[in-house]
Amino acid sequence: MSLAPFRFADLRQASDGRAELLAGLLAERAFIPPKYFYDELGSRLFAAICCLPEYALTRSEAGIFAAHGSDIARAAGPGRLIVDLGAGDCGKAAGLFPRLDPAGYVALDISADYLRGALERLKRRFPALPMAGAAVDFTRSLDLPDSLLAPAGAPRLWFFPGSSIGNFNPDEARAFLARIARACGATASGGALLIGVDLVKDKAALDAAYDDALGVTAAFNLNVLNVVNRLLDADFAVADWRHAAFFDAAASRIEMHLEARRVVDVRLGEQSRRFVAGERIHTEYSYKWTAAGFAALLNEAGFSKLKQWQDAGGGFAIFLAEP
Ligand SMILES: C[S@@+](CC[C@H](N)C(=O)[O-])C[C@H]1O[C@@H](n2cnc3c(N)ncnc32)[C@H](O)[C@@H]1O
C-alpha cells in the first residue's frame, strides 16, 4: 500500500544548544538542561524507563485513560487537531485516537530522528489521519508554520502527558502554560489543553522511581554526557560519573544529578573545567504537584474552565483545561 507522506519540518537552529550548554557547564553550580537527554538513545532509554516496575507514573496515567477515556473524549469533543508536545514514540496520543476521533495530529519533539520513525509507524496504523511532525525546542517557541497545522479550521487540543510539565519550576511552568492558553485563545476555532501531572506521594516510592534497581534511569542520566561530548566537542568519560536522584519533599521535586567519582578534568570545546570528587552537575528537576496546587497554577496561567480525573490511588491527575 502506498501511503500519503506526512509533513515533517526540522525547526531547530543549527547553533541551538552550544552556548546554552557551555554556560551551564561553566556555571558555579554546573547544570545541563534536561532537553539534552533526548538523542536517539536517550529517547529509547526513556521508553524503557516507562516499562520499569518502579516508574508507576506511566501506568497510572494509562489507567486513567483506560477508566475515564470515554468521559475525557466527550469533554474534549471530536474533530480536534491534536498538537502533542514532546510526543516521544507518539504512543499516548495514538492510544486516544479511537476515542478522541481527531481531525489531525501534529507531533512535536526535540528528538528528530526518533520522532520521524515514530510517525512513520503511526502513519501505517492510521493512514487516513492527516499527520505532521516537527523537530522543535518547545521552550523556545510554540509558533508552527500553517503548513503543518492541517486541517486548518479544526479546534486544537494541546496534549502534554507524562508529567513533562514537572521539568519546569513553578514560575517557568506558569509561563509555559500561559503561552498555551494564549495559543488556545488565538484561533477562532478555540483550543484546549489535555495535560498529565504526577502528584506528590511517598518519598520512598518517588526515590525508587528515579533510581531503579536495573539502572535504566542511571543510564538515561549518564547518556547526556555522550550528547554533550558530541555537541560541544567535550571529553566526558561516563565511567567518571555516578547517577544521583532523590525526592526533596520541602521543594516538592525530584532532583537528578551526575556526581563526579573522582577529580575530573574535562575539555569543553575550547574551554575546560575541573570538577572535584563528589561535585555534581544538575540534570533534571521533576516537580510533583498536589491536584489543588496544579489547578491553581492552571487558573493563574489563564485557564478558567477545568475538568480533572485521577487514578484510584490519587497518584496522578489528568486535567482538561480551557481558557
Ligand atoms: C518525559 S518524555 C515524555 C514522552 C511522552 N510524551 C510520554 O508522555 O511518555 C519528554 C519528551 O519531550 C521531549 N522534549 C524534552 N524537552 C523538549 C523540548 N524542549 N522541546 C521539544 N521536545 C522536548 C523529549 O524528547 C521526550 O520525547
Side-chain angles (χ1 to χ4, degrees), residues 8-13 16-17 20-21 24 31-52 55-65 82-97 105-119 122 132-144 148 157-169 172-173 175-177 179-180 193-198 209-210 216-217 220-221 223-224 227 231 245 253-254 256 283-288 316-319:
F8 195 90
D10 193 339
L11 306 175
R12 297 169 304 171
Q13 287 159 12
D16 264 6
E20 182 179 43
L21 271 176
F31 66 93
I32 301 171
K35 63 190 175 190
Y36 293 99
F37 284 132
Y38 298 97
D39 65 346
E40 175 86 21
L41 178 58
S43 295
R44 287 173 188 267
L45 286 167
F46 179 74
I49 287 171
C50 292
C51 305
L52 293 169
Y55 199 72
L57 186 161
T58 309
R59 283 185 302 283
S60 301
E61 189 177 41
I64 299 173
F65 282 124
I82 299 178
V83 184
D84 194 348
L85 293 161
D89 63 10
C90 305
K92 288 185 184 171
L96 295 179
F97 289 169
Y105 177 60
V106 183
L108 310 180
D109 206 290
I110 204 159
S111 191
D113 294 339
Y114 189 75
L115 178 64
R116 200 190 287 268
L119 278 170
L122 199 63
V136 289
D137 176 351
F138 55 51
T139 61
R140 288 174 190 252
S141 173
L142 289 176
D143 291 337
L144 297 168
L148 292 181
L157 181 67
W158 297 83
F159 185 46
F160 201 26
S163 205
S164 293
I165 191 69
N167 293 152
F168 296 115
N169 72 34
E172 293 166 343
F176 188 73
L177 293 170
R179 281 166 62 198
I180 300 174
L193 168 67
L194 187 61
I195 185 167
V197 193
D198 201 21
Y210 291 81
V216 183
T217 314
F220 172 75
N221 194 13
N223 179 57
V224 81
V227 176
L231 288 176
R253 68 186 182 204
I254 292 282
M256 218 151 82
T283 52
E284 187 182 76
Y285 288 132
S286 188
Y287 280 81
K288 306 300 168 186
F316 198 91
I318 290 173
F319 286 85

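One-based numbering, in listed order, for ligands and for the atoms of each. In this chain, numbering begins with 1 at the start of the sequence shown. The figures here come from the full heavy-atom set of this structure, side chains too, leaving out hydrogens, waters and symmetry mates.
For Leu108, the heavy-atom gap to ligand 1 stays at 4.0 angstrom or more.
Considering only non-hydrogen atoms, atom 20 (N) of ligand 1 lies nearest to Phe138 out of Tyr38, Tyr36, Phe138. When Gly162, Gly86, Ala93 are checked for heavy-atom proximity to atom 4 (C) of ligand 1, Gly86 turns out nearest. Residue Ile110 holds the heavy atom nearest to atom 22 (N) of ligand 1 of all those in Ile110, Asp89, Leu57.
Residue Lys35 has no N or O atom closer than 3.5 Å to an N or O atom of ligand 1.
For Ser163, the side chain to side chain donor-acceptor pair (under 3.5 Å) criterion is met by no residue, not counting sequence neighbours. Arg253 is linked by a salt bridge (Lys or Arg N to Asp or Glu O under 4.0 Å) to Glu255, counting only residues two or more places apart in sequence or in another chain.
With a 4.0 Å heavy-atom cut-off, ligand 1 is reached by the side chain of Phe46 but not by its N, CA, C or O. Of the heavy atoms in Lys92, only side-chain atoms (C-beta onward) come closer than 4.0 Å to ligand 1. Within the 4.0 Å heavy-atom criterion, the part of Val136 lying near ligand 1 is the backbone and not the side chain. Looking at Ser164 against ligand 1, only its side chain comes within 4.0 Å, counting heavy atoms.
A donor and an acceptor atom, one from each side chain of Tyr285 and Asn169, are nowhere located under 3.5 Å apart.
Distance from atom 19 (N) of ligand 1 to its nearest protein heavy atom, with residue and atom name: Asp137 OD1, 2.8 Å. Among protein heavy atoms, atom 25 (O) of ligand 1 sits closest to Asp109 OD1, 2.5 Å.
Listed by number with element, the atoms of ligand 1 under 4.0 Å from a non-hydrogen atom of Pro161 are 6 (N), 8 (O). Listed by number with element, the atoms of ligand 1 under 4.0 Å from a non-hydrogen atom of Gly88 are 27 (O).
Distance CG/Leu85 to CG/Leu193: 8.0 Å, rounded to 0.5 Å. Taken from CG in Asp143 to CZ in Arg179, the straight-line distance is 8.0 Å, to the nearest 0.5 Å.
Asp109 places a side-chain N or O within 3.5 Å of a backbone atom of Ala87 that can act as its donor or acceptor partner.
Here the two rings, on Phe138 and Phe160, have centers that are under 6.0 Å apart.
With a 4.5 Å cut-off on side-chain heavy atoms, Phe37 and Met256 count as touching. The side-chain heavy atoms of Thr217 and Leu52, taken from C-beta on, include a pair separated by under 4.5 Å.
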